[in-house]
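Worksheet for the structure shown next.
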Amino acid sequence: MRLVSRPCRPLLAARVSRRVALAALLVAPVLFSGAIAAPLGAQPSDTTRRSIEPLFTSRDAVAAGIFAAATVISIPFDRRAAEGLQNPNEQANRFLHHQATNARLIAQPGSLIIGGALYAVGRLGHNARMADLGLHGTEAIAVGLGTVTVIKSLAGRARPYVDIERPGDFNFGKGLTHEDYRSFPSGHTVMAFAAAAAVTAETSQWWPKSRWYIGPVMYGGAAIVGASRMYNNKHWMSDVLVGSAIGTFSGLKVVRYHHSHPGNRIDKWLLSASVGPNGVSFAVVP
């Protein structure tokens with residue numbers, strides 16, 4: 001007896017396709033962020049000595065070129081991935097809806113709240129590492145958001161809910177005035193990957209082997225944030241891929257800069273602040 005009749009085959013194939021698309025959305029950002037992280041190099045182990053290597057190197061240009069090519073290749077698949085996740089059966093899943101909402105809130109405003117809290121608690125509790133982590137993580141998010149805001153405004157890409165059949169709808173400058181045309185790249189994904197990269201790079205300064213378990217957790221969580229933005233029909237797959245690259249790059253570069261330039265003004269002002277009975281006093285920066 002045939003267990004699957006011919007009329008059921010298209011439905012079964014569609015379900016398998018949707019599952020594969022969702023799995024790809026979760027895994028691809030992690031793989032791509034790993035690809036960009038490797039060429040950027042490990043953080044210097046000696047944080048008291050200025051690095052002789054420039055902040056931006058030819059390896060960065062190669063990584064950016066690879067990522068740009070991967071993004072162009074992924075755009076033709078944007079529509080199929082979006083349609084798969086917007087299928088009524090997937091959208092009716094209450095668990096996925098709840099988790100998508102949770103992921104969005106963890107990225108924004110959660111990442112900023114957590115970073116600010118780590119910095120504040122670290123300063124008040126005289127825990128230099130915690131303050132360092134909170135400050136640099138928040139700074140990485142700010143750098144990533146600043147970059148993505150400019151790109152969003154100029155690219156003017158229509159969000160999937162505007163017209164899911166037109167993933168290539170770019171309108172230069174339209175993002176300046178219309179929220180519906182700020183799809184490229186994903187801001188939530190940038191924030192999540194910036195935090196993941198900063199935390200992983202920062203903690204590996206203290207515990208080098210921690211990157212093997214902290215990294216997968218942080219980057220895996222960031223990938224879920226990116227997938228949630230697609231599930232909510234706010235972003236295309238290529239938006240998430242570019243967002244993961246910008247976020248990862250921001251996090252790694254911010255941490256590398258601060259630990260290779262220990263006397264920089266931001267650290268000297270914010271990490272040298274002292275809390276006493278008369279309030280908060282900051283170091284005088286020349």
Query raised in the report: Run the salt bridge (Lys or Arg N to Asp or Glu O under 4.0 Å) check on R80 and E83 step by step: do they pass?
Result: CA-CA 5 Å; R80 179 175 298 179; E83 290 176 341; over 6 Å; no
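- Here the closest non-hydrogen pair linking S250 and A140 is CB-O, 3.7 Å.
- Of all heavy-atom pairs spanning T248 and F193, the tightest one is OG1-CD2, 3.5 Å.
- Counting only N and O atoms by type, the side chains of D180 and Y161 include a donor and acceptor under 3.5 Å apart.
- Of all the heavy atoms in S238 and F184, the pair that sits closest is O-CE1, 4.3 Å.
- Note on V143: it does not cluster hydrophobically with V148, by side-chain heavy-atom contacts below 4.5 Å among ILVMFWY residues.
- Remark: Y213 OH is packed, more than 12 non-hydrogen atoms of other residues, nucleotides or ligands lying under 6.0 Å away.
- At least one side-chain heavy atom of Y181 sits under 4.5 Å from a side-chain heavy atom of D169.
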Requested in this report: Apply the test side-chain contact (heavy atoms from CB on, under 4.5 Å) to residues L133 and W206: give CA-CA distance (whole Å), side-chain angles for both, the deciding distance (0.1 Å), then the verdict.
Outcome: CA-CA 11 Å; L133 182 62; W206 319 319; 4.1 Å; yes
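- The heavy-atom pair separating A131 from Y119 by the smallest distance is O-CD1, 3.6 Å.
- The hydrophobic clustering, which links ILVMFWY residues whose side-chain heavy atoms are closer than 4.5 Å, places M191 and I151 together.
- Put simply, the side chain of Y219 reaches to within 4.5 Å of the side chain of T200, judged on heavy atoms.
- Atom-to-atom distance recorded for I75:CD1 and L241:CG is 10.0 Å, nearest 0.5 angstrom.
- Here the OG1 atom belonging to T149 is positioned 10.5 Å from the CG atom belonging to L154, to the nearest 0.5 angstrom.
- No continuous path of hydrophobic side-chain contacts links V217 to L252 [ILVMFWY only; heavy atoms under 4.5 Å].
- Side-chain contact between T189 and H235 is absent, with no heavy-atom pair separated by less than 4.5 Å.
- Listed here is the closest heavy atom pair of V255 and A201: CG1-CB, 3.9 Å.
- Linking ILVMFWY side-chain heavy atoms closer than 4.5 Å, directly or via other members, places Y231 and L105 in two distinct hydrophobic clusters.
- With a 4.5 Å cut-off on side-chain heavy atoms, I164 and N233 count as touching.
- Ring geometry for H136 versus H258: interplanar angle under 30°, hence parallel rather than tilted (30 to 60°).
- Within the 4.5 Å cutoff, the side chain of E202 has no heavy atoms near those of the R129 side chain.
- The shortest side-chain heavy-atom distance between Q205 and D132 does not fall under the 4.5 Å cut-off.
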Report task. Give the intermediate values and the outcome of side-chain contact (heavy atoms from CB on, under 4.5 Å) for residues D60 and T57. Result -> CA-CA 5 Å; D60 301 333; T57 67; 3.7 Å; yes
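- R79 places none of its side-chain heavy atoms less than 4.5 Å from the side chain of R166.
- Taking OG of S153 as the reference point, atom CZ of F172 lies at 10.0 Å (rounded to 0.5 Å).
- Between atom CG of residue L96 and atom OG1 of residue T101 there is a gap of 10.5 Å, rounded to the nearest 0.5 Å.
- In terms of heavy atoms, F170 sits closest to P167 at CE1-O, 4.1 Å.
- Q91 places no side-chain N or O within donor-acceptor distance of the main-chain N or O of H97, the cut-off being under 3.5 Å.
- At least one donor-acceptor pair under 3.5 Å links the side chain of K152 to the backbone N or O of P185.
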**Report entry** Criterion side-chain contact (heavy atoms from CB on, under 4.5 Å) on V190 and T147, from CA distance to verdict
**Finding:** CA-CA 9 Å; V190 168; T147 302; over 6 Å; no
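- Separation of atoms CE (M130) and CG (L124) is listed at 11.0 Å; rounding is to 0.5 Å.
- Counting only heavy atoms from C-beta outward, the side chains of K234 and S183 never approach each other to under 4.5 Å.
- Note: the hydrophobic cluster containing M218 also contains W207 (ILVMFWY, side chain heavy atoms under 4.5 Å, direct or indirect links).
- Of the inter-residue distances, the one linking Q108 atom CD with I141 atom CD1 reads 9.5 Å to the nearest 0.5 angstrom.
- The backbone N or O of A158 lies less than 3.5 Å from a partner atom in the side chain of W236, making a donor-acceptor pair.
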Query raised in the report: Can you list the steps and then say if I224 with Q99 is a side-chain contact (heavy atoms from CB on, under 4.5 Å)?
Result: CA-CA 9 Å; I224 291 175; Q99 296 312 310; over 6 Å; no
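- Counting non-hydrogen atoms of other residues, nucleotides and ligands closer than 6.0 Å to CZ of F77 gives a total of 12 or fewer.
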